[in-house]
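Remember, predicted model here, so these are calculated numbers, not experimental data. For reference, positions follow the sequence shown, starting with 1.
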Amino acid sequence: QVQLVESGGGLVHVGGSLRLSCAASGRTPNESSLGWFRQAPGKEREFVACINWNGATTSYAESVQGRSTISRDNAKNTVYLQMNSLKPEDTASYYCAKSSAYANMCSRATEDYDYWGQGTQVTVSQ
């Protein structure tokens, strides 16, 4: 079993910044790639960013590329998502997830992740 707990969400004005954290525990989270996804009301869950097991490989959705940075601290069993220049369209629940299949690379596909946190809400207001 793996437990993932997100934090750091909140209400922020357009152009502001947030840093989301995801604390992982349980079996081998530090040996797995991890990802961030988001879901807005009425929309499907979508990929945001992912990072491989040692942080050497990252990938970002085009919608957040250049505004966000994913990182991880395996000593703290934590993955982070720094988001800058936030826009109203970034409003969503943000979820972290552990990949079931990849360690040295990371995947954008939700079906490649087997454990999910409960999410943290990010709301960007005008």
Should Y94 and Q121 count as side-chain neighbours, where that means a heavy-atom distance under 4.5 Å? no

Is the backbone of Y113 close enough, under 3.5 Å, to the side chain of S99 for a donor and an acceptor to pair up by distance? no

If we only count heavy atoms from C-beta on, is the Y60 to I70 side-chain gap below 4.5 Å? yes

From CG (L34) to OG1 (T58), nearest 0.5 Å: 13.0 Å

Is any side-chain heavy atom of V122 closer than 4.5 Å to one of V124? yes

Using 0.5 Å steps for rounding, measure from the OH atom of Y95 to the SG atom of C22. 13.0 Å

Short side-chain donor-acceptor distance under 3.5 Å, S100 and D114: no

Take E62 and R67 through the test salt bridge (Lys or Arg N to Asp or Glu O under 4.0 Å) and record every step on the way to the result. CA-CA 10 Å; E62 290 75 12; R67 301 188 294 121; over 6 Å; no

Heavy atoms, side chains only, cut-off 4.5 Å: are C50 and S33 in contact? no

Close side-chain approach of L81 to V48, heavy-atom, < 4.5 Å: yes

CD on E46 to CH2 on W36, rounded to 0.5 Å: 14.5 Å

Using only atom types and a distance under 3.5 Å, with no angle test, would you say the side chain of N52 pairs donor to acceptor with the backbone of T57? yes

Sub-4.5 Å side-chain heavy-atom contact between V14 and S125: no

Please report the interatomic distance CZ(R19) to OG1(T69), rounded to the nearest 0.5 Å. 11.5 Å

Spatial distance of atom CD (E89) from atom NZ (K43) [nearest 0.5 Å]: 8.5 Å

Closest non-hydrogen atoms of P88 and Q126, given as atom of the first, atom of the second and distance, are CG-NE2, 3.4 Å

CD of Q118: more than 12 outside heavy atoms within 6.0 angstrom? no

Does the gap between the ring centers of F37 and F47 come in under 6.0 Å? yes

Flag this pair as yes if the NZ/CZ of R72 is under 6.0 angstrom from the six-membered ring centre of W53 and inside a 45 degree cone about the axis; otherwise no. no

Under 3.5 Å: donor-acceptor pair, side chain of S17, backbone of N84: no

Can any side-chain N or O of T78 pair as donor or acceptor with the backbone N or O of K76 at less than 3.5 Å? yes

If you count every heavy atom of other residues, nucleotides or ligands that lies below 6.0 Å from E44 atom CD, does the total exceed 12? no

Working to the nearest 0.5 Å, report the span between OG of S93 and CZ of R38. 11.5 Å

Quick one: does Q82's side chain have a donor or acceptor within less than 3.5 Å of a partner on L20's backbone? no

